[in-house]
Amino acid sequence: NIIKITSLPVTARWITQNASDPSLTVKHGQGAPVVEVVLRKKSDREVFAFVLNQGGEGTGMVECYLPTSLSSWQVRDAITGQTLEASQTSKGVRLPMALKAWDYRVLQLTQ
């Protein structure tokens, strides 16, 4: 709703696939994942995605909406340096991710 009120563009999102406890009557760090994905553009060919889970453990998909007119995007974990498998979509990239409660990832996306 806040996106509609502010007219901010949607640049990324989380899609929950599995949650350890989908209950809605729990505290922070419990229940279904509550994930925020924020993109920060370093250049036209390098973007960082900050993925933070404030809910319970679960798996899902991170979708990042990026320009697709150039070559495909490569994704790696910015903290560990591990290359991650991502699917190229018409809007950018999508990759599966498992997150524990209060877990976070920093992804580096480059062309």
Side-chain angles (χ1 to χ4, degrees):
N1 207 12
I2 194 71
I3 298 294
K4 289 180 185 177
I5 293 170
T6 61
S7 299
L8 292 171
V10 176
T11 59
R13 70 180 182 146
W14 169 267
I15 304 165
T16 297
Q17 294 177 322
N18 274 325
S20 58
D21 177 8
S23 171
L24 297 177
T25 58
V26 294
K27 299 177 182 178
H28 287 294
Q30 298 176 341
V34 179
V35 180
E36 181 177 6
V37 182
V38 176
L39 297 185
R40 295 286 184 254
K41 180 179 173 182
K42 184 173 180 181
S43 71
D44 288 341
R45 299 177 74 97
E46 185 175 18
V47 176
F48 287 86
F50 297 85
V51 184
L52 171 64
N53 180 18
Q54 299 177 47
E57 184 173 346
T59 59
M61 299 293 281
V62 173
E63 280 190 338
C64 299
Y65 305 134
L66 303 162
T68 58
S69 59
L70 300 173
S71 60
S72 62
W73 290 88
Q74 306 301 311
V75 183
R76 73 178 189 97
D77 186 305
I79 296 170
T80 68
Q82 177 185 7
T83 299
L84 303 173
E85 291 296 322
S87 301
Q88 306 295 312
T89 70
S90 62
K91 295 181 180 181
V93 298
R94 176 187 282 186
L95 64 148
M97 188 170 290
L99 293 170
K100 295 184 181 194
W102 291 106
D103 203 0
Y104 71 94
R105 299 282 191 288
V106 180
L107 309 176
Q108 181 185 30
L109 301 99
T110 56
Q111 282 191 314

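Keep in mind that the numbers below use all heavy atoms, side chains included, and drop hydrogens, waters and symmetry copies.
- Of all non-hydrogen atoms in T80 and D77, the two that sit nearest each other are N-OD1, 3.0 Å.
- C64 places a side-chain heavy atom less than 4.5 Å from the side chain of L39.
- When every heavy atom of A98 is checked against every heavy atom of T59, the shortest pair comes out as CB-CG2, 3.7 Å.
- With hydrogens and angles ignored, the 3.5 Å screen pairs a side-chain donor or acceptor of N53 with a backbone N or O of K100.
- Rounded to the nearest 0.5 angstrom, E57 CD and W102 CH2 are separated by 15.0 Å.
- Under a hydrophobic-cluster definition in which Ile, Leu, Val, Met, Phe, Trp and Tyr are linked whenever side-chain heavy atoms come within less than 4.5 Å, directly or via other members, L84 and V37 are assigned to the same cluster.
- Using a 4.5 Å cut-off between side-chain heavy atoms of Ile, Leu, Val, Met, Phe, Trp and Tyr, with links allowed through other members, I79 and F48 fall into the same hydrophobic cluster.
- The two residues Q111 and W73 come nearest to each other via the heavy atoms NE2-NE1, 3.3 Å.
- Judged by distance alone, the side chain of E85 and the main-chain N or O of L95 form no donor-acceptor pair under 3.5 Å.
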- Task: Using the side-chain contact (heavy atoms from CB on, under 4.5 Å) rule, take Q88 and V93 through it: C-alpha gap first, then chi angles, then the decisive distance, then the call.
- Result: CA-CA 5 Å; Q88 306 295 312; V93 298; 3.7 Å; yes
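- R94 meets the side chain to side chain donor-acceptor pair (under 3.5 Å) test with E63; sequence neighbours excluded.
- Clustering ILVMFWY residues whenever any of their side-chain heavy atoms sit less than 4.5 angstrom apart, transitively, puts V34 in a cluster other than the one holding V51.
- A 4.5 Å side-chain heavy-atom check between Q74 and L109 finds every atom pair outside the cut-off.
- With sequence neighbours left out, the side chain to side chain donor-acceptor pair (under 3.5 Å) criterion links W14 to T16.
- Just one residue in the list V62, T83, L107, T110 forms a side-chain contact (heavy atoms from CB on, under 4.5 Å) with V75, and that residue is L107.
- No side-chain donor-acceptor contact under 3.5 Å links R13 to the backbone of Y65.
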